[in-house]
Amino acid sequence: QVQLVESGGGLVQAGDSLRLACAPSGRTFSSSARGWFRQAPGKEREFVTAINWSGYNPIYANSVQGRFTISKNNAKNTVYLQMNSLKPEDTAVYYCAAGDPSSRRLSWTDPKGYDYWGQGTQVTVSS
């Protein structure tokens, strides 16, 4: 069974930075896309960013463009999310995901396109 494990969440102040990491455990797998989603209390899960595992070509939600950066280490099969200039509205549980949304003719921003998910890591930004 494939499981993704996130790390790096925590409590920070507005303007601070955090770096999340996501690595798989269990059996090996391949996917074309690796992404980050987040879910705040009382809200639906929303897309944050995604990256093409074989190349680069990251895409970002407008709300995080210019502040968040997704990166990857293919050798470690790990994806990272560098979050700078954090705002209170960034407070959420952050989930990493892996899958092949394009093969399902789904947008990379659609959570239905991802097969594997982490358990989530809490990010809290105080004002």
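Hydrogens, waters and symmetry mates play no part in the numbers below; they use all other heavy atoms, side chains included.
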Q: Begin with the C-alpha distance, continue with both residues' side-chain angles, and end with the deciding distance and a verdict on side chain to side chain donor-acceptor pair (under 3.5 Å) for T78 and N73.
A: CA-CA 5 Å; T78 298; N73 183 321; over 6 Å; no

Q | Given I70, I51, T49, the one that forms side-chain contact (heavy atoms from CB on, under 4.5 Å) with R34 | A | I51

(Q) Tell me whether D100 contacts the main-chain N or O of S32 through its side chain, where contact means a donor paired with an acceptor under 3.5 Å. (A) yes

Q | ring pair (Phe, Tyr, Trp, His ring centres under 6.0 Å) pairs, two or more places apart, involving residues 88-127 | A | F29-Y116, F37-Y114, F37-W117

For residues 11-23, run the donor-acceptor check on the side chains, cut-off 3.5 Å, and write out each pair with its distance to 0.1 Å, sequence neighbours left out.
from, atom 1, to, atom 2, distance (Å)
D16, OD2, Q13, N, 3.1
S17, OG, N84, OD1, 2.9

Q) Do you reckon V123 sits in the same ILVMFWY cluster as Y60, going by side-chain contacts under 4.5 Å, direct or chained? A) yes

Q. Which heavy-atom pair separates W53 from N77 by the least distance, and what is that distance?
A. CZ2-OD1, 3.3 Å

**Q.** Taking every non-hydrogen atom, the tightest pair across Q122 and A92
**A.** NE2-O, 3.4 Å

Q) Any link between V93 and V48 through a network of hydrophobic side chains (Ile, Leu, Val, Met, Phe, Trp, Tyr) touching at under 4.5 Å? A) no

**Q.** Qualifying residues under side chain to side chain contact (heavy atoms under 4.5 Å, CB included), relative to K112, sequence neighbours excluded
**A.** L106, D110

Q. Which pairs pass salt bridge (charged side-chain N to carboxylate O under 4.0 Å, His left out) with one or both residues in residues 61-86, sequence neighbours excluded?
A. R67-D90

(Q) Test of understanding: with side-chain hydrogen bond (donor to acceptor under 3.5 Å, both in side chains), list the residues that count as partners of T91, not counting sequence neighbours. (A) none

Q) Looking at G118 and E6, what are the two nearest heavy atoms and their distance? A) CA-OE2, 3.2 Å

Q | Contact list for residues 27-66, test disulfide (SG to SG under 2.5 Å), sequence neighbours left out | A | none

